[in-house]
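In the text below, chain A, chain B and the rest are named by the order of the sequence lines, each starting its count at 1.
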Amino acid sequence: RIMRPDDANIAGNVHGGTILKMIEEAGAIISTRHCNSQAGEPCVAALARVERTDFLSPMCIGEVANVSAEITYTSRHSVEVQVNVMSENILTGAKRVTNKATLWYVPLSLKNVNKVLEVPPIQYARKEQEEEGKKRYEEQKLDRLETKQRNGDVILPVINPEPHTVGYSQSSLIHLVGPSDCTLLGFVHGGVTMKLMDEVAGIVAARHCKTNIVTASVDAINFHEKIKKGCVITVSGRMTFTSNKSMEIEVFVDADPFVDEPRERYRAVSAFFTYVSLSKEGKPLPVPQLLTETEDEKRRFEEGKGRYLQTKAKRQAQMQQAAQQ
Amino acid sequence: RIMRPDDANIAGNVHGGTILKMIEEAGAIISTRHCNSQAGEPCVAALARVERTDFLSPMCIGEVANVSAEITYTSRHSVEVQVNVMSENILTGAKRVTNKATLWYVPLSLKNVNKVLEVPPIQYARKEQEEEGKKRYEEQKLDRLETKQRNGDVILPVINPEPHTVGYSQSSLIHLVGPSDCTLLGFVHGGVTMKLMDEVAGIVAARHCKTNIVTASVDAINFHEKIKKGCVITVSGRMTFTSNKSMEIEVFVDADPFVDEPRERYRAVSAFFTYVSLSKEGKPLPVPQLLTETEDEKRRFEEGKGRYLQTKAKRQAQMQQAAQQ
Amino acid sequence: RIMRPDDANIAGNVHGGTILKMIEEAGAIISTRHCNSQAGEPCVAALARVERTDFLSPMCIGEVANVSAEITYTSRHSVEVQVNVMSENILTGAKRVTNKATLWYVPLSLKNVNKVLEVPPIQYARKEQEEEGKKRYEEQKLDRLETKQRNGDVILPVINPEPHTVGYSQSSLIHLVGPSDCTLLGFVHGGVTMKLMDEVAGIVAARHCKTNIVTASVDAINFHEKIKKGCVITVSGRMTFTSNKSMEIEVFVDADPFVDEPRERYRAVSAFFTYVSLSKEGKPLPVPQLLTETEDEKRRFEEGKGRYLQTKAKRQAQMQQAAQQ
C-alpha cells in the first residue's frame, strides 16, 4: 500500500513500527490460512516470536510497500514465516529491499483459545531445508525460555534528570486496547504491539539526541503472554547503550486487565530497538554518549555493548563470506 | 468534514476513494433510516450498486466536504439514493460540485441477514418521477445480471515485464477485514471496499505513467456478494485501455473466508476506474500508450475503447442538449 | 456519521473524547468560514476555550451523530459558537440531544501565525442577545486569566501505591503529533487534544473503580498555548475528588518541542473531567471513595468537593426555574 503522511515522521521517513505492523499482518494471514488448510478445528495463528529484523533503508511518504510472505518451516505446533518488504518509488520505478523478517506463529483454536492445535506439515524441496528449519526452531525455543527469565524489571521515574542520562529520555505511554487492535479471538495483533513499541523507542531516541531519528533494527521479540481486548497496556522505553552512531533502547509492554478481571498487571513483551540519527541529507549523525549513573545502568550499558559488538562481528563475517563467493 | 493530509496524495489532491467512502456512508444512513421508518422488522441497508460516477474537479487538503443525500426512487426491495458532494474552501468561501453519485441499497433483516425486507414507498412530486425511476431501476437490474457472468477472470503475475505493458503496472493488495470496516450486520461497508479499489487503481495508474494522477470517473460497480468480518480480501487491478489523456483500470475484489468457513475464495466486486495524469499546475498530461501483448489484452483494450467512445459520445450529446436549452 | 466499534468502549458506549472531537471540528469549520467571510487576510480559527459541557446521555455503536453549529456572539477578536449533538438511532428513528457545547475561537493569520485578526461582527435578532453574549465574553475572559495562574503543577509518580489512592490510578500517555492531527497552520486541532485528555481521564477512572465508566461532563477547558506539528505531548491525569456516584479527574497536557527547537516543555492545556460508573444495565453504580494521603491531595479533594456542590446547586436552580415556567 502507499505510504501516507501519518505513517511517517516529520522528515518523511516511514516509522519502523508501520513496517513491522505490515509484516506481521502478512505473516498472520499466511499462517492462519495454512493452519486452516486441512479439515479440522478452525484456528487463528498468534504471533509467538519475531527474529531480529534489520531496516536496510528508510522508506518515504508516497512510496509503495510490497510485502511478500512464504512459509519456510513447520514444527508440530508452530509455523515459521519469512516476510520480505520491497519499497517501490512508483514515479521512478526504483525498487529496493527494505526489510527481511522471520516470524513464528502458533495456531490457537477459535473455540478454545487456550488450546494449541497441530500444524499441517509443508513439503520441502530439499531434505536440508527441513533440517535447517529444525535447527532454527530449536534455537529460538531456547532463546524464548531464556528471555522469559530476565523479565522482572520495571522502569522507575526520575525527578529533574540531567540531559543525556537514562532518566532524561525514558518515556512511557498507555493505550486502551480497542476492537481494531484485535484478532478474531479478541487478542491484540502482534503488529499493533510492535508499532506502539517502536513509537515509544522513537520518542526515547529523539529525546536523547533531539534530531530526526529512524529505526535501524529490532532485536528478536518474544510474545510471552496474550493481551486481551479492553486491557490497558503500558509501553515503557529506556536507553541502554549508545555507540558513536547508534542508540539501543529497551522496551517493555505491561498489560493491565483492569475491568472485570481479578488478574494482576503482567509483562507481555520486551525487546531492544536500535536507532540512528539522520541529517537532513539522510546521512548518519554522531550520537551524544549516554550518561550512566547507577550500577544497573552501567551493567545494562555493558550488556548493550556486548550485543552491539556481537552484531557488528556477525555482519562483518557475513560480508566477508559474501565477498569470497 | 475537513480533508486531512492522509486523505490525499502527495500533490495534495484528495483520493477518489476517500470521497467514495463518504458518499457511501451518507447513502447507507439515509436508506437505513428510510427502510426502518415504518414499524416492522429492523434492518440495515446494504449497498447493491453504485452508478457511474464522475469526479468533476479534484478536492484539496484543508477544504470542507459537504455531502447531501436524497432518496429518489424505491422499488419493492431496493432504494435509489442520489448523493451530491460539494467542496468548500472555507478561507475563500468558494464552493463547487465535485461529485454526483447514484447508489442502490437493499434492506437486510438485522435478525436474519439473508432475508431481504420490503421498502416503504416514497411519495413522488410528479408522476413522471416515478416512471423515470422505474426505468432506471429496470436498466440497472439488467446490467447487474450481465456483469455477474463476466466475473471469472484472474490476474496472473508476470516476471520481468516491459514498461507500459499490462504486466508492468498490474498490482494487488490484501486487507484483513476488521470490526471498524463493518456494518452492524458484520459485513464490510461498500465504501470501505471502494476506497481500497481506488487505492489499487491509483497505484496501477501511477506505475504506468509515473506522474501525479487523480481519479476521473468510476464505472458502475455491482456488489454481488457480501464480505464478512474476519475475511481476507485481495484487491487486484490491471490497466485495460489508454486514450491520449486517460487510463482505464479494471479492479477485482476477491474474498477469502479462511477461518471457520468451508467456503472457497469468491469474486465479490469488480469495476472500471478511469484516471488522468496531472501536471504540477493541475493540467492534464498525455498518457503513454498501453502495450498489449496477449489476445486477451488486445480484446480488453478494444472493449475499453468501446466504453471510452460510448462515454465520450454520451457526454457530447449532453453538452449539445444543454447548449440547446 | 455512524459510530463505529473504534469510537466506543467494550460496553458499546461512545467515548466522550470522540464526541468532543466532532464538536470541535464543527466549531472550527463554522468559525473559520465566518472569519474569512469578508475580504481581508485569510485566517484559520484556533480553539481558545470550551465552556463546561454535559454528556446528557451516552451514545452507542451504530447510532448516527448529527452535529449542528451556530455563531452566537462575536467580540473584536473572538467568536462564540454553540454546537448541539443529537444522537439518532436509524433503526428506530429515536433521536435525543446528547450534548450542548459552547466554544470560543480566535482567528490567526495564515501568513503570520502570531497575528490575531479582527472578526466580522454578526447581526443580532434582539439587542439583549448581544448584551448577554458580551456578559459571557467578559466572564470567560476572567476565568481564562485565573486558570493561567494555577498552572504550575506536575504529576509525580508513586511507587507501589495502595488501591483507591491518588497514586494508584494516576496515568499518563505520550503522543507524537502527526500531520493528520493538525490544522492548515500546522498546530494541533483542539479536538485532537480533548480526545487524548478524555482517553487518559477514562483510564484513571477505570483504574479506580474497575467497572465500565462513561464521561458525564467536562469543565471549561482553556487552550493557553498552541502545540506544533512534530511535538511530543504528555497527557497526565489524576483523580481529585469522588462523590457517591461520580469521580473528578484533573488532566494536564504538556508539550515538548524536542526536535529543532530550543524551547522547554510547557503546559498547553488543563481541565477537569467528571466520570460515572455504569452497571451492565446502564445504571449508575456507587464509586469507591478516593483515599487522600498528602496535604495537597486533601486540598484538591476539598476544591473538587466545592466544584461538585456548586454544579449541583446550579443544576437544582435550573430545574426549579424550568419547573416554574
Side-chain angles (χ1 to χ4, degrees), chain A residues 1-8 10 12 21-22 24-45 60-69 88-95 107-111 178-186 189 191-192 229, chain B residues 4-12 15 17-18 61 157 160-164 168-169 171-182 186 195-196 198-213 228-235 256-263 265 277:
Chain A
R1 67 178 187 78
I2 301 183
M3 293 297 111
R4 293 181 297 236
D6 268 16
D7 298 322
I10 37 175
K21 197 167 172 245
M22 287 190 299
E24 202 274 323
E25 185 164 336
I29 290 174
I30 195 174
S31 50
T32 300
R33 188 187 281 151
H34 176 75
C35 294
N36 286 288
S37 62
Q38 290 191 347
E41 237 175 296
C43 64
V44 172
C60 297
I61 297 176
E63 291 188 330
V64 172
N66 290 296
V67 183
S68 59
E88 178 188 0
N89 182 325
I90 44 176
L91 301 186
T92 65
K95 284 184 193 180
L108 303 178
S109 164
L110 201 57
K111 286 170 205 154
S180 284
D181 300 328
C182 292
T183 65
L184 282 180
L185 291 170
H189 280 291
V192 170
K229 188 159 73 182
Chain B
R4 294 180 299 237
D6 263 20
D7 297 323
N9 63 23
I10 35 177
H15 294 297
T18 302
I61 297 176
N160 291 325
E162 290 293 307
H164 304 141
Y168 183 77
S169 58
S171 306
S172 68
L173 67 77
I174 51 175
H175 175 73
L176 183 59
V177 175
S180 283
D181 300 329
C182 292
K195 192 162 185 279
L196 291 170
D198 179 68
E199 195 172 329
V200 166
I203 291 175
V204 172
R207 275 183 170 154
H208 181 77
C209 66
K210 302 192 184 306
T211 54
N212 179 37
I213 48 84
K228 214 175 153 181
K229 187 161 73 183
C231 277
V232 169
I233 54 181
T234 305
V235 186
D256 231 337
F258 69 122
V259 177
D260 205 16
E261 290 259 346
R263 210 179 154 188
R265 170 188 281 226
S277 163

Winner by heavy-atom pair count (cut-off under 4.5 Å) against chain A, out of B:His208, B:Glu199, B:Arg207: B:Arg207

If you take all heavy atoms of [X] and [Y], which pair is closest and at what distance?
X        : Y        : answer
B:Ser171 : B:Ile203 : OG-CG2, 3.6 Å
A:Ala45  : A:Ala28  : CB-O, 4.4 Å
B:Gly17  : B:Asp198 : N-OD2, 2.8 Å

Is there side-chain contact between A:Leu185 and A:Leu110, with heavy atoms separated by less than 4.5 Å? yes

Do the side chains of B:His175 and B:Val235 get nearer than 4.5 Å, heavy atoms only? no

Please look at B:Asp256 and chain A and tell me whether the side chain, the backbone, both or neither of the residue comes under 4.5 angstrom of a heavy atom of that chain. side chain

Toward chain B, the part of [X] with a non-hydrogen atom under 4.5 Å:
X        : result
A:Asn89  : neither
A:Glu41  : neither
A:His189 : side chain

